[in-house]
Number of protein chains: 2
Amino acid sequence: MSDTDPKATRTGRPRSIAADAAILEATRASLVDLGWSKLTMSDVATRAGVAKTTLYRRWAGKNELVVDAVAVLFDELELPDRGSLAADVQGVVLQFAALLERPEARTALMAVVAESTRDDSLRHRIRSAIVDRQKRLVLLGRERAQARGELRYEDDASDADRNADLIFDVIAGAVVHRTLVSAEPVDAEWASGFTSLLLLGLAGAQAG
Amino acid sequence: MSDTDPKATRTGRPRSIAADAAILEATRASLVDLGWSKLTMSDVATRAGVAKTTLYRRWAGKNELVVDAVAVLFDELELPDRGSLAADVQGVVLQFAALLERPEARTALMAVVAESTRDDSLRHRIRSAIVDRQKRLVLLGRERAQARGELRYEDDASDADRNADLIFDVIAGAVVHRTLVSAEPVDAEWASGFTSLLLLGLAGAQAG
DNA sequence: TTCCTTACGCTACGACCCGTAGCGTAACTG
DNA sequence: CAGTTACGCTACGGGTCGTAGCGTAAGGAA
């Protein structure tokens, strides 16, 4: 969450955890109302009923604040066992798409990624707060598919890692691109077509 | 380019086309040096040797200006016939990745997309200036693959359209996500793995 | 040429946000 | 109790925004 991580109980007045929650909630509300570019620290402070200085005591700036405010949304993603690899993929695609329908996620995600191209520490923050939390879904889905016999167990560990990263980029990238760049809906039909393509490949999907 | 499109020859002093070029060039230079968030209209005007008011006479704001400044970069993308669908896909992936290596493209692309989530006219501008220019590559690649017999000709026209859009989102999305979100390089090895996945599908790529 | 029209450069302006400093007060610890 | 840290508040210099106003430059039309 905040920048400093007070180890154990320190002396002095403790930070208000209620303020933390109020600030992050206010940040999301401001994202919905104003969007990324018009969101200001002053506005968030006012909404949260907190002094502006308090924000700067906990976050370096707008970028870090928004990452933390949005990160929690991505924890909602789950991967219930739907019985087959195809169903699991389609399920997670629709779930991710639903997340990107939320205006606070839409406007914030790409903006902080854009900022991170010139800010390494922000990039790491995004990775640990958002990206890595999604990647676990890929690993879980693969395990299940392997247990079902739909995918074989990979011999080489580094090959397996590279493959998981690849699949993650393909799934997340396609959904993000469809939603934010092409700006068209990810509905059940699209998810179905995408799943076929991912599982069967270009020629295979055409045949089936 | 600029907002107003003077139909035919009008009376009065004509707009300087040299200024147009200088402004767009200055915008790209400013993107390289300062990045999206720190780029200001004043800075661009100074670099271009132009008054700030001239910028506002031609573009509504930073968003529109940057879209136009970056759009030309995407015209460099080509799709030479490399003899097979796999080679064509791999080629365009590496080409697109090389484009995203350029700092002015990295920092601008995601930023304007983020802004476009709250600005319909900007979204249309991005679509016509950037997105649609890339989509032609997918259509061309499919035609060639069909002529080679690697893909069959689709019966239904709307099916074919949906499929092309899907493939476009998958390719562009994966490359963008790998480059900007995962922040890892798109090298020949990754492009090869991605191409296998796209052509053969999850199970097929594992086998091959 | 002389008018007319539009673009340009320049200056100045109010409005807003940034990020920080300083101060008195509040809360918790030993 | 004293010591330490967080908080709210105010104020500030510095910067950007987008626009208005002015005189001048560069074309077309009479």
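Reminder, nothing fancy here: chain letters follow the sequence lines and each chain counts from 1. Not measured: the values here are computed from a predicted model.
Here the C1' atom of nucleotide D/dG18 and the CD atom of B/E64 are 13 Å apart, to the nearest Å. Here the C1' atom of nucleotide C/dC18 and the CH2 atom of A/W59 are 18 Å apart, to the nearest Å. Remark: C1' of D/dG18 and CG of B/L65 are 15 Å apart, rounded to the nearest angstrom. Rounded to an integer number of Å, the gap from A/R15 CZ to D/dT4 C1' is 14 Å. Distance CZ (A/R13) to P (C/dA27): 6 Å, rounded to an integer number of Å. In this structure, the CG atom of B/N63 is 14 Å from the C1' atom of D/dG18, given to the nearest Å.
In this structure A/K52 satisfies the side-chain hydrogen bond (donor to acceptor under 3.5 Å, both in side chains) test with no other residue, sequence neighbours excluded. Qualifying side-chain hydrogen bond (donor to acceptor under 3.5 Å, both in side chains) partners for B/T40, counting only residues two or more places apart in sequence or in other chains: none. Residues meeting the side-chain hydrogen bond (donor to acceptor under 3.5 Å, both in side chains) test with B/D43, sequence neighbours left out: B/S30, B/R47. Residues that satisfy the side-chain hydrogen bond (donor to acceptor under 3.5 Å, both in side chains) test with B/N163, not counting sequence neighbours, are absent from this structure.
Within residues 49-56 of chain B, the residues having any heavy atom closer than 4.0 Å to DNA chain D are, in order of number, B/K52, B/T53, B/Y56. The stretch residues 35-43 of chain B touches DNA chain D through B/T40, B/M41, B/S42, each having a heavy atom within less than 4.0 Å of the strand.
Counting atom types as modelled, B/R57 pairs a side-chain N or O with a base atom of C/dG9 as donor and acceptor under 3.5 Å.
A salt bridge is defined here as a Lys NZ or Arg NE, NH1 or NH2 lying under 4.0 Å from an Asp or Glu carboxylate O, and A/D68 with A/R28 fails to meet this definition. Using a 4.0 Å cut-off between a side-chain N of Lys or Arg and a carboxylate O of Asp or Glu, B/D119 and B/R125 do not qualify as a salt bridge. Ion pairing between a basic and an acidic side chain is recognised when a charged N comes within 4.0 Å of a carboxylate O; A/R162 and A/E154 show no such pairing. With respect to B/E115 and B/K62, no salt bridge is recorded, no charged nitrogen being found less than 4.0 Å from a carboxylate O.
Under the 30°/60° scheme for interplanar angles, the aromatic rings of A/F96 and A/F74 are found to be tilted.
For A/P14, the side-chain atoms get nearest to C/dC28 when compared with the rest of C/dC28, C/dG9, C/dA7.
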